[in-house]
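Owing to the predicted nature of the structure, the values given are computational and were not obtained by experimental measurement. One is the number of the first residue; the rest follow in order along the sequence.
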Amino acid sequence: TILVRILSAAVAMPRNGRRAALASVAVTGVWIGLGAAWAVTTAPRGNLQDSILTGAASRGRPRTLVPRLQQGPSLPPAPDGQQYSCDEEAECVVEDCDAVKGCRSSLDVRIDGSWYDLSGWRKAHPAGEHWIDYYDGRDATEVMHAFHSDKARKMMLRLPRSRNAEELELNCAPTTPLTEKFRKLRSRLEEEGWWKRDIALEVRQFLVWAAVTAGGVFCVRTAGGWPKVTAGVVMLALANTQAGWLAHDYIHGIDKFSNRMRFVGPLFAGMSPLWWSDKHNKHHALTNEIGVDEDIATDPFLFIRPPAPERDSWMRRLQHVLLPLPFSMLFFIWRIDSIKVLWTELRKKRPRKDAAAEALMLAIHWTAVFSLVPLKLVPAYILLSGLITAIITTATHQSEELFEEFNPDFVDNQFRSTRDASVRNPFSKWVWGGMQYQLEHHLFPSMPRSKYPALQPILKKFAEVNRVPGGHRITGQLQLLKQNWDLYAKVATADPDPSAPAMRGRGHHVTALA
């Protein structure tokens, strides 16, 4: 309906303006059509009635997720002198160990109270081996259920069990009462169908983005002076930020609809889902862990705590004054990193799934950008969008607690490192794109963001009943933004701290039993 109105208004315009408007709407329509075609052709095989074209995913009973604590047909430990080798589908075969090097060291991870040896599946892990390396000898139950689809959770149950489960259990932090209560909450939410998407709402959100994009393109391509051009740049910046929020929701998602909508990232936001998953999921799993969480490793341009003298920079003294400059660079950095990751991936002998499709979508994205937007205005809207997005993404974590060591209690970690923003007016809610519900998102990242408003009071009550330190933290959006700026200003005037650890590059924890 929105696009039809824009089209009708364009027909009533003078000829020159009409041509530009019709061209922008037409190219936007082709852009969306390419995304839909990519979604259908790259979707997993199955019943096409669940496709985004029919919206059937919104009908019927909620999908069944893997019950917690279910014991699957796991493989026994490999015999002495042999080891397992597994593929991406977690199908494992026994093979003899190398005559010279011997058998691999075990890579033991606890999921729902059971220990699995993932050494034979490590290189086949779709998200990369660095993930399971970090959880060697640790409990990864919450991370497993937070980020993985029901298919992946079933696959996990087929992997080999660890040899020395009792010894591993003695060396691993016990499951806390808070975590046990959280697992029961998650199971209840799964049973009630909280992961079921409202397809009609998803379509409306997508059409709003398309309308704002078309309006921005129209303004920057037609005559009307600087006010009209400025309005177009602002609309394109807001649309770019919204494309990022849409992609963020779909890439996190574990349902079929989300899987088919992953194209929103490379096609509309210009960012690779492969790059994003590698970087962003670690932030979710290990939030505010110094040396590991890349989202807080913003030095030497921005410091959120006084650094050691050898890692200091003259820019720190001015960071609160120059704050908009590094914030504005956010989308340039992310887009360049996306290209670098895909370039590296495509040069491998066996690139990861969808790498070639993502590269094609990025090429189409940039072709459309330079075809629709005057070249001199492209940096302007990307910089403004980066500023808007960085202001939102940094405000909900950086002023909270930081961890110099691994916190084995995932739930406690999220409550202590994350704060919600209280956003009241409709425009601000749209601009924030669901990120105001940051704690809800961190505890349940694969849940559709449309569910978070109803989830917030449940988590508030959960925090009260279980006496979570600090409780459910929520602050007004303006006060939250001021707190973030005050932090930068405080750190700018602080003396260097010789004992401060590096904000990035800490090695993975390894406790596997040989």
Side-chain angles (χ1 to χ4, degrees), residues 108-110 130-143 146-147 171-176 178-179 182 278-313 315-317 319-320 326 393-419 438-439 441-443 445 463 468-471 473 480 483-512:
D108 304 288
V109 177
R110 187 173 67 188
H130 63 286
W131 271 103
I132 46 183
D133 283 353
Y134 202 85
Y135 282 92
D136 191 8
R138 293 171 169 170
D139 189 296
T141 301
E142 276 55 59
V143 174
F147 301 130
N171 288 280
C172 184
T175 302
T176 65
L178 178 64
T179 296
F182 176 77
D278 289 348
K279 172 186 181 295
H280 190 67
N281 283 347
K282 182 181 284 188
H283 158 69
H284 266 270
L286 304 159
T287 310
N288 281 13
E289 185 172 332
I290 295 173
V292 179
D293 182 358
E294 294 183 12
D295 279 23
I296 59 173
T298 53
D299 55 308
F301 302 103
L302 293 173
F303 295 81
I304 62 172
R305 63 181 296 172
E310 64 272 18
R311 288 185 288 272
D312 205 353
S313 168
M315 291 183 286
R316 179 168 67 91
R317 299 296 180 183
Q319 66 177 14
H320 57 305
T393 56
T394 59
T396 52
H397 290 296
Q398 294 187 164
S399 299
E400 305 308 306
E401 296 177 53
L402 304 176
F403 302 93
E404 294 189 7
E405 300 293 338
F406 173 74
N407 183 357
D409 191 327
F410 173 85
V411 184
D412 172 75
N413 189 99
Q414 299 305 328
F415 271 99
R416 291 165 60 190
S417 65
T418 309
R419 183 178 294 270
Q438 192 67 199
L439 178 62
H441 174 59
H442 264 251
L443 289 172
V468 176
R473 306 174 185 185
L480 189 59
Q483 285 180 193
N484 202 33
W485 186 87
D486 287 344
L487 173 67
Y488 284 119
K490 179 181 178 181
V491 174
T493 59
D495 293 329
D497 180 3
S499 64
M503 296 300 291
R504 59 170 61 81
R506 185 149 62 87
H508 290 139
H509 169 81
V510 177
T511 60

- Which heavy-atom pair separates P300 from M315 by the least distance, and what is that distance? O-CE, 3.3 Å

- Item | Atom pair OG/CG of S399 and L480 - distance to nearest 0.5 Å | 7.0 Å

- Heavy-atom pair of closest approach, residues A500 and P307: CB-C, 4.0 Å

- Item | Nearest heavy atoms of E400 and R416, plus distance in Å | CB-O, 3.6 Å

- Message: To the closest 0.5 Å, what do you measure between OH (Y488) and OG1 (T298)?
- Response: 5.0 Å

- Determine whether F415 and L443 make a side-chain contact, defined as any pair of heavy atoms from C-beta on separated by less than 4.5 Å. yes

- Query: Just wondering, do V109 and D136 contact through their side chains at under 4.5 Å, heavy atoms?
  - Reply: no

- Partner set under side-chain hydrogen bond (donor to acceptor under 3.5 Å, both in side chains) for N413, not counting sequence neighbours: none

- So, K282 and D295, do they make that salt bridge, N to O below 4.0 Å? no

- Answer whether the closest heavy-atom distance between the side chains of R316 and V491 falls below 4.5 Å. yes

- Query: Which pair of non-hydrogen atoms, one from D497 and one from P306, has the smallest distance, and what is that distance?
  - Reply: CB-O, 3.9 Å

- Query: If only atom types and distance count, is the side chain of Q414 paired as donor or acceptor with the main-chain N or O of H284 below 3.5 Å?
  - Reply: yes

- To the nearest 0.5 Å, tell me how far N288 CG sits from I304 CD1. 6.5 Å

- Query: So which heavy atom on D412 is nearest to which on L178, and how close?
  - Reply: N-CD2, 3.9 Å

- Message: Tell me whether R305 contacts the main-chain N or O of L402 through its side chain, where contact means a donor paired with an acceptor under 3.5 Å.
- Response: no

- Note on the structure: To the nearest 0.5 Å, atom CG of D299 lies from atom OG of S313 at 9.0 Å

- Taken to the nearest 0.5 Å, the spacing of I290 CD1 from E404 CD works out to 5.0 Å

- Task: List for me each residue that meets salt bridge (Lys or Arg N to Asp or Glu O under 4.0 Å) alongside R317, sequence neighbours excluded, and say none if there are none.
- Result: none

- Message: Listing request: all ring-ring contact (aromatic ring centres under 6.0 Å, His included) pairs with a residue in residues 290-310, at least two apart in sequence or in separate chains.
- Response: none

- Message: To check you understand the geometry: which heavy-atom pair defines the closest contact between T175 and R110, and what is its length?
- Response: OG1-NH2, 3.6 Å

- Interatomic spacing from CZ in F410 to OG1 in T141 - rounded to 0.5 Å: 11.0 Å

- Query: Is there side-chain contact between L286 and Y135, with heavy atoms separated by less than 4.5 Å?
  - Reply: yes

- Query: Knowing that exactly one of R419, R473, H397 qualifies, which makes a side-chain hydrogen bond (donor to acceptor under 3.5 Å, both in side chains) with Q438?
  - Reply: H397

- Task: Tell me, yes or no, whether the heavy-atom count around E310 atom CD, taken from other residues, nucleotides or ligands under 6.0 Å, exceeds 12.
- Result: yes

